[in-house]
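Numbers here are sequence positions counted from 1.
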Amino acid sequence: MVLPCHCLEGSDVTERKAQFSKPLAFFWLLRLNRTVMVAMITGATAFAADAGTTKTLLMALAGWCLAVGGFSLDFYADRDLDSEGPRAEMRHNPLADGSLPPTTGLAFSVSFIAISFVVTLLIAPWALLPWGIILAVVTGLALHLFERPLVRAFTLGLLQGLYAIMGGVTGRLSLGLGLLAGMFFFAMFGGRGMIDIRDFPQDKVTRVQTLPKRYGLKRTAQFTAICLLVAYALSLAAYFTGEFSAIYLYLDLAFVGVGLACAGLFVARPGPRLAYVLTLVCMMGMGSLICLAMILGSM
């Protein structure tokens, strides 16, 4: 249960009451709203690369654990920033409000990263190359090395593309899977603009640098739409490599059709409320659809 914050009146010291019980705080660190999609991307590309069912499931686990470790490390790194005003209410960082000690959060992150490393080493040692790049980027994000809005968007897209490559290396990485890795990159590269517009009312009163703060809502929406168009083109190009069956094409056409409608609507009416709805549709709904297309299309 989320509890309200309380402040000590007449004092310069502000105390924030813990928002979560300890079990719920640990559950929140899993960031299932984001890490599940990473597991799906990693697993779907592993399956499409003919890695086999067992290796596919294990690689999905490795990708999920690495994502959990990365997102919880982000919570640890941003604990001071996430204690500020509206951002605190938006992020609900259990390491910022006292629900968990920061050192516990760091240990949680390192543990999941270690599990991911062991699983990857055992089933696909070559996948440690993209795995290591992912960890380097995640560490750079935690150290605030990529704070410029476009650079941060680029690194987030890079992470999503690398997760796809990590899954592909588990089996036989091909041209089609390479194109899909590019598709995931551009989808997240542009998708960052949608997320920034969604969070704009909270972010504009903090020191966080975002795309709409730098370029405005309209240009950010246009940037997002262009990146999404490239992503949809790459998803279609992957079919024409001949590596996927017709069922991939049917599902991909639905993916592209819905995506084009969302992109057009977003450019016409960019705003936080629409961005919130479209983020759910594009990030989870359409992400799940293209992963399903990859799995069914490679059977």
Heavy-atom pair with the smallest gap, counting every atom of Tyr163 and Gly63: CE2-O, 3.7 Å

same_hphob_cluster(Leu57, Ile295) at 4.5 Å side-chain heavy-atom cutoff: no

Check: Ser235 and Phe255 side chains under 4.5 Å, non-hydrogen atoms: yes

Donor-acceptor contact present, side-chain Thr170 to main-chain Met166, <3.5 Å: yes

Axial cation check for Phe223 ring with Arg219, 6.0 Å and 45° limits: no

Residue pair Leu296 / Ser245: nearest heavy atoms and the distance that separates them: O-OG, 3.9 Å

Leu249 CG to Tyr239 OH distance, which is reported to the nearest 0.5 Å: 5.0 Å

Point-to-point distance, once rounded to the nearest 0.5 Å, from SG of Cys291 to CZ of Phe184: 4.5 Å

4.5 Å side-chain heavy-atom contact, Met188 and Ile195: yes

Co-membership, hydrophobic cluster, residues Leu217 and Ile226, 4.5 Å side-chain: no

For Ala221 against Pro270, the heavy-atom pair lying closest together: CB-CB, 3.7 Å

hydrophobic_cluster_shared for Val267 and Leu260, side chain cutoff 4.5 Å: no

In one Ile/Leu/Val/Met/Phe/Trp/Tyr side-chain cluster, 4.5 Å: Leu29, Leu106: yes

Where at least one partner belongs to residues 49-70, residue pairs that pass side chain to side chain donor-acceptor pair (under 3.5 Å), sequence neighbours excluded: Thr35-Trp64

Which atom of Pro101 lies closest to which atom of Leu95, heavy atoms considered: O-CD2, 3.8 Å

Side chain to side chain contact (heavy atoms under 4.5 Å, CB included) between Met284 and Met37, intermediate numbers included: CA-CA 7 Å; Met284 291 301 297; Met37 180 52 60; 4.1 Å; yes

CA sep, side-chain torsions, deciding dist, call: Phe266, Ile197, side chain to side chain contact (heavy atoms under 4.5 Å, CB included): CA-CA 10 Å; Phe266 190 55; Ile197 290 178; 3.5 Å; yes

Acceptor/donor pairs from residues 113-134 side chains to any protein atom, 3.5 angstrom cut, sequence neighbours excluded:
| from | atom 1 | to | atom 2 | distance (Å) |
| --- | --- | --- | --- | --- |
| Ser116 | OG | Ala62 | O | 2.7 |
| Ser116 | OG | Trp131 | NE1 | 2.8 |
| Thr120 | OG1 | Ser116 | O | 2.8 |

is_close_aromatic(Phe186, Tyr232), centroid dist under 6.0 Å: no

Separation between CG of Leu211 and OG1 of Thr220, rounded to the nearest 0.5 Å: 5.0 Å

Worked verdict on Leu61 versus Cys65 for side chain to side chain contact (heavy atoms under 4.5 Å, CB included): CA-CA 6 Å; Leu61 173 64; Cys65 287; 3.9 Å; yes

Cluster check Leu180, Ile247: I/L/V/M/F/W/Y, side chain < 4.5 angstrom: yes

Heavy-atom check, side chain of Phe47 versus side chain of Met59, under 4.5 Å: no

Whether Phe26 and Phe108 hold their rings parallel, tilted or perpendicular, with breakpoints at 30° and 60°: tilted

Stepwise ring pair (Phe, Tyr, Trp, His ring centres under 6.0 Å) check, Phe71 with Phe75: CA-CA 6 Å; Phe71 280 116; Phe75 268 148; 8.4 Å; no

Minimum-distance pair of heavy atoms, taken over all atoms of Cys227 and Gly190: CB-CA, 3.5 Å

Student check: side-chain heavy atoms of Leu141 and Leu159 closer than 4.5 Å: yes

Whether Arg192 side chain and Phe189 backbone form a donor-acceptor pair below 3.5 Å: no

Ser288 side chain near Met40 side chain, heavy-atom distance below 4.5 Å: yes

Interatomic spacing from OH in Tyr248 to CD1 in Ile290 - rounded to 0.5 Å: 4.0 Å

Pair Lys22-Leu100, side chain to side chain contact (heavy atoms under 4.5 Å, CB included): steps then yes or no: CA-CA 7 Å; Lys22 282 191 176 181; Leu100 289 173; 4.1 Å; yes

Test item: Leu177 and Ile165 side chains (from C-beta on) under 4.5 Å apart, heavy atoms: no

Between OG1 on residue Thr103 and OH on residue Tyr76, distance to nearest 0.5 Å: 7.5 Å

Inter-residue atom distance Leu280.CG - Asn33.CG, 0.5 Å rounding: 9.5 Å

Over all atoms of both residues, closest heavy-atom pair of Gly70 and Val138: CA-CG1, 3.5 Å

